[in-house]
Every structure is written in structure tokens, then in C-alpha cells.
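This report refers to the structure that appears directly beneath it.
Note that this is a predicted model, so its numbers are computed, not measured.
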There are 2 protein chains.
Amino acid sequence: MTDTRTRAERLAGAIADAIVAGEWVPGDRLDEQALAERYGVSRTPVREALRQLGATGLIELRPRRGAAVALVTPEELDELFVATAEIEATCARLAALGMSPVDRRRLEALHDDMGALAAADDPVAYAEANTAFHGAIYAGARNAVLAEVALGLRRRLLPYRKAQFRAPGRPALSHREHGAVVDAIRCGDAAGAHAAMLHHVGLVERAVDALAGRAAPRRGAA
Amino acid sequence: MTDTRTRAERLAGAIADAIVAGEWVPGDRLDEQALAERYGVSRTPVREALRQLGATGLIELRPRRGAAVALVTPEELDELFVATAEIEATCARLAALGMSPVDRRRLEALHDDMGALAAADDPVAYAEANTAFHGAIYAGARNAVLAEVALGLRRRLLPYRKAQFRAPGRPALSHREHGAVVDAIRCGDAAGAHAAMLHHVGLVERAVDALAGRAAPRRGAA
DNA sequence: TCGTCCAGAATTGCATGCATGAAAGTTGGG
DNA sequence: CCCAACTTTCATGCATGCAATTCTGGACGA
């Protein structure tokens with residue numbers, strides 16, 4: 001069956017995928033004509049796709065100066081991480097309160113499966129399963145709006161956390177932290193789920209900082 | 001000095017303002033040609049503006065079938081309110097933890113000023129000040145990303161909460177709830193600020209529900 | 001009365017062309 | 001050698017035109 005979406009929509013998806021895949025890195029210029037030729041369309045749908053992506057924050061549109069993959073400052077990156085952590089923690093709390101028994105079992109099963117990937121120290125497979133894990137938390141919160149916001153923020157962070165799981169032993173650490181979240185959700189411990197998720201994403205931030213070769217930014221520190 | 005923004009950007013702002021002002025209500029079709037004539041431009045920048053607004057959720061773009069002001073179902077409306085409440089509560093918690101003494105004083109002053117508006121039962125002036133109040137909370141959280149998300153959700157809700165303050169006595173009730181938030185922030189009571197804000201926005205939702213009653217817009221209703 | 005089907009009209013999707021503003025390159029002066 | 005102003009080049013912003021799809025309304029048959 002044919003795709004009913006417009007070219008602009010498909011382009012937006014394709015360009016976003018390419019950015020997340022690292023084909024362009026933050027700061028790279030997105031030339032309208034080059035994109036048009038690459039995807040075999042005219043500049044018009046390319047421009048519409050770029051506007052759409054600009055509204056999500058994944059790219060930046062500077063009037064008369066073209067589009068570029070969003071280049072966030074260290075301060076903005078910290079805010080992005082904090083915002084993501086808070087929203088994911090909120091999802092975890094809502095999940096602890098309202099997740100169905102069946103969904104809880106599924107989450108536990110997914111977590112158990114990830115244990116094997118962590119033990120095998122398989123970063124690629126673990127990263128993929130990690131996305132599913134966080135997606136299960138979003139779903140457990142039973143709030144599509146929060147999930148959409150969280151996914152949007154996660155996408156904006158992806159260009160900066162690509163290599164995160166490649167550090168040896170990181171999947172295992174991530175898995176232990178997930179365990180705290182899963183335990184709290186299983187017990188219906190809303191505050192515990194919130195705290196565990198906040199702690200987890202906070203650790204991810206510090207890992208990214210370490211990879212970037214910076215000292216971990218501290219909120220309000222001198 | 002001349003506006004350096006492109007026509008598409010200005011159009012996006014103007015159309016959003018018109019929607020929030022109630023010039024079009026949820027479900028109304030947005031005709032490209034009509035918009036182009038109204039704002040004295042061609043369809044090209046109009047289309048780009050519509051894509052931008054579509055990405056924010058304020059309008060819906062149905063391929064080959066035009067754009068319309070987003071018509072949210074009662075279930076989605078509930079999710080929007082919950083998400084907004086959770087994010088604003090998070091901002092309140094962060095504000096309680098990290099707001100500067102000067103900002104705390106400013107927030108208290110703003111709250112006191114709103115007391116007069118509430119006593120006078122002036123819904124229009126109170127609604128305006130209310131926006132400033134919540135903006136002060138966002139600022140207190142010191143996280144532009146969270147603030148941006150909260151504002152975006154608030155904007156999507158605005159077409160549904162326009163008449164909210166017109167119920168007699170509502171400004172006074174809102175002001176009392178704000179007082180609980182302000183008190184908690186003043187004491188640095190993070191959990192209290194979170195709970196007070198959650199409660200406050202939850203009450204707003206119930207007020208909107210009451211106003212909407214059975215006349216709430218329904219998609220595809222029989 | 002109701003549903004179906006088929007022009008005609010209207011609207012969206014996209015390509016193309018041109019004008020404007022920004023960046024790069026060049027030249028002349030200090 | 002450096003810098004500033006000018007020129008050139010090129011990408012973006014926008015208008016216009018055409019093709020494809022959807023919508024409308026009326027005729028026709030059950």
C-alpha cells in the first residue's frame with residue numbers, strides 16, 4: 001500500500017533519522033538544495049520538513065542563514081537532561097500508581113531479558129532494549145502527551161548520548177538502576193519510582209559529560 | 001528596526017494568537033488561500049507556518065485534507081491537563097529548591113497584587129496576572145526546556161479554558177490555591193510546592209469540565 | 001426516502017523562477 | 001602584512017503555476 005503521507009512528512013522523518021543516526025552532527029549545516037537532490041524532490045517539501053523539525057528543537061532555523069542540527073550549549077544540555085529526567089521520573093511515578101498487573105509483569109519480563117544483554121555486555125542490543133524499557137514506562141503512565149514530550153526530549157538528546165553505552169560495564173550499571181525502578185513500580189511505591197528514575201537519568205547525564213570530557217555540571221554550583 | 005523573522009514565522013505567531021484569542025475554535029478549518037489573502041502573502045509561507053504549528057500540536061495537518069485547529073477528545077484533554085499539571089508541579093518543586101531570595105520576594109509580591117484583583121473579582125485582569133504568576137514559577141525552576149514545554153502545553157489548552165475565570169468567585173479560589181504554592185516555595189518545601197501546584201491545576205481541569213459540560217467538542221460524535 | 005455514482009469545482013502538494021540578503025573572495029590603502 | 005570596503009557568488013525567501021486528490025452537488029436507481 002502506498003504511503004499517504006506527504007513528501008514533507010516523510011522527509012522530516014528521514015532527516016530526523018539521519019541526524020539521530022549521526023549522519024550529521026550538531027552544528028552541521030542542512031543545505032536545502034543538497035537535501036532536495038538527495039531525496040529526489042524540490043526545495044519546497046524540504047523547506048516544509050525543516051520547519052517541522054525546527055519546531056521540535058532537533059534543528060535550528062536561522063532566518064536567511066539556513067538550517068543546522070541544533071547545537072546546544074553545555075548549559076542547555078544540562079537543562080535538557082534535567083527536564084528529561086523529571087518527566088521520565090513523573091512517568092515512573094504515574095506508572096507505579098496506575099500500571100496494570102499485566103503491564104507490570106511485562107515490564108519485569110523485559111527487565112529480566114535485559115539482564116542477559118547486560119551480562120553479555122552487548123552495548124548495541126542493550127541500547128535498543130533500553131529504548132523499549134523507557135517506552136514501557138511511558139506506556140505505563142497512561143498519558144500519551146507526557147510520552148510524546150519525553151520522546152521529543154529524548155530525541156533531542158540522542159545526538160549527544162550516542163556512545164553512552166559503549167563504555168565497558170555501563171549496561172550492567174544501567175540494568176541495576178533499572179532494577180530499582182522496576183522494584184518500586186512493582187510495589188506501587190510512587191515516590192520510590194520517581195526517585196529511582198531521577199537518579200538513573202542523572203547518572204546517564206554524568207556519563208555523557210564524562211564522554212564529552214567535561215566536569216559534570218552542577219546545578220547552582222560555583 | 002525591521003523584523004528579521006521570516007514571513008512564515010510571523011504568520012505562525014499571528015495564527016497561533018488568533019486561535020488562542022478564540023477567532024477560530026477547535027475543529028475549524030484553516031484554508032491556505034484564505035490565510036494568504038488575510039495576511040497579504042502567498043500560500044508558500046502560509047504552508048510553512050502551518051507545518052510549524054502542526055508540530056506543536058496546536059493545529060492538525062491531515063494530508064491532502066487541509067489544516068484545522070486541533071480538536072482534542074475528552075480523553076486527550078484529560079491527558080493534556082494531567083501532563084500540564086505534572087510539569088508545572090515539577091517546576092514548582094524545582095522553584096522551591098532553587099529559587100533565589102529576590103525571586104521569592106518577587107513571586108510573593110506578584111501574588112499579593114493578585115489578591116486585589118481577586119477581591120475585585122476582575123476576571124480579565126486576573127487571567128492576565130495568572131499567566132505572569134505561572135511564568136514566574138517557570139522562571140524559578142531555572143530550566144528553559146521545562147518552561148518551554150509547559151508553555152506549549154498551556155497554549156494547547158487555552159482554546160479550552162478561555163472562559164474559566166468568568167465563573168464568579170473563581171479568581172478568589174485560584175488566589176487561595178496560589179497562596180499554598182507560594183507558601184511552600186517560601187519555606188523551601190519541595191514536596192509541598194509540588195502537591196499544591198498539582199492540586200491547583202487539577203481544580204482548573206474540573207472547572208473546565210464543568211464549563212464544557214455536555215457541550216464539550218466531540219470528534220465524530222453521533 | 002435513501003444510497004450510489006459521476007462530473008465539476010475547489011483545495012492541497014509540489015516544482016520552478018526570481019529577488020533579496022548573507023557569506024566568500026578581491027582589491028586597494030595604510 | 002593587515003584591514004576595510006567593494007564585488008561576486010550563492011543560498012534562502014517567496015510568488016506563481018500546474019497536477020493530483022478531495023469535496024460538492026445533483027442525477028439516477030433501488
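The ring pair (Phe, Tyr, Trp, His ring centres under 6.0 Å) check on His111(B) picks up His175(B), with sequence neighbours excluded.
At dC14(C), one or more side-chain N or O atoms of Thr6(A) fall inside 4.0 Å of OP1 or OP2 (strictly under the cut-off).
Looking at heavy atoms from C-beta onward, His134(B) lies out of side-chain contact with Thr131(B) at the 4.5 angstrom threshold. The shortest side-chain heavy-atom distance between Tyr138(A) and Asn143(A) does not fall under the 4.5 Å cut-off. Looking only at side-chain heavy atoms (C-beta outward), Arg51(A) and Arg47(B) stay at 4.5 Å or farther from each other. Leu53(B) is not listed as a side-chain neighbour of Leu30(B), based on a closest heavy-atom distance of 4.5 Å or more. Side-chain contact between Thr6(B) and Pro45(B) is absent, with no heavy atoms from C-beta onward closer than 4.5 Å. Side-chain contact between Leu11(B) and Val41(B): present, with at least one pair of heavy atoms (C-beta onward) separated by less than 4.5 Å. The shortest distance between side-chain heavy atoms of Ile137(A) and Ile185(A) falls below 4.5 Å.
In summary, Glu148(B) and Arg156(A) engage in a salt bridge, as defined by a charged side-chain N under 4.0 Å from a carboxylate O. The residues Arg38(A) and Glu32(A) are annotated as not salt-bridged, no charged nitrogen and carboxylate oxygen being separated by less than 4.0 angstrom.
Applying the salt bridge (Lys or Arg N to Asp or Glu O under 4.0 Å) test to residues at least two apart or on different chains, the pairs with a partner in residues 87-107 of chain B are Glu86(A)-Arg93(B), Glu88(B)-Arg154(B), Asp103(B)-Arg106(B), Asp103(B)-Arg142(B), Arg105(B)-Glu108(B).
Rounded to whole Å, the distance from CZ on Arg7(B) to C1' on dG21(C) is 13 Å. At whole-Å resolution of the value, CD in Gln33(A) and C1' in dT12(D) are 11 Å apart. Across the protein-nucleic acid pair, Arg5(B) atom CZ and dG21(C) atom P stand 17 Å apart, rounded to whole Å. At whole-Å resolution of the value, CG in Leu61(A) and P in dA11(D) are 18 Å apart.
Taking each heavy atom of Pro171(B) and Pro123(B) in turn, the nearest pair found is CG-CA, 4.4 Å.
Residues from residues 45-53 of chain A lying near DNA chain D, meaning a heavy-atom separation below 4.0 Å, are Arg47(A) in numerical order. Within residues 66-73 of chain A, no residue has any heavy atom closer than 4.0 Å to DNA chain C. For the segment residues 35-43 of chain A, residues with any heavy atom less than 4.0 angstrom from an atom of DNA chain C are, sorted by number, Val41(A), Ser42(A), Arg43(A).
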Give every pair of a protein N or O atom and an N or O atom of nucleotides 20-23 of chain D that lie under 3.5 Å apart, one pair per line with the distance.
unit_1: dC23(D); atom_1: OP1; unit_2: Arg65(B); atom_2: NE; d: 3.0
unit_1: dC23(D); atom_1: OP1; unit_2: Arg65(B); atom_2: NH2; d: 2.8

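Relative ring orientation between His200(B) and His178(B) is described as perpendicular, the plane-to-plane angle rising above 60° on a 0-90° scale split at 30° and 60°.
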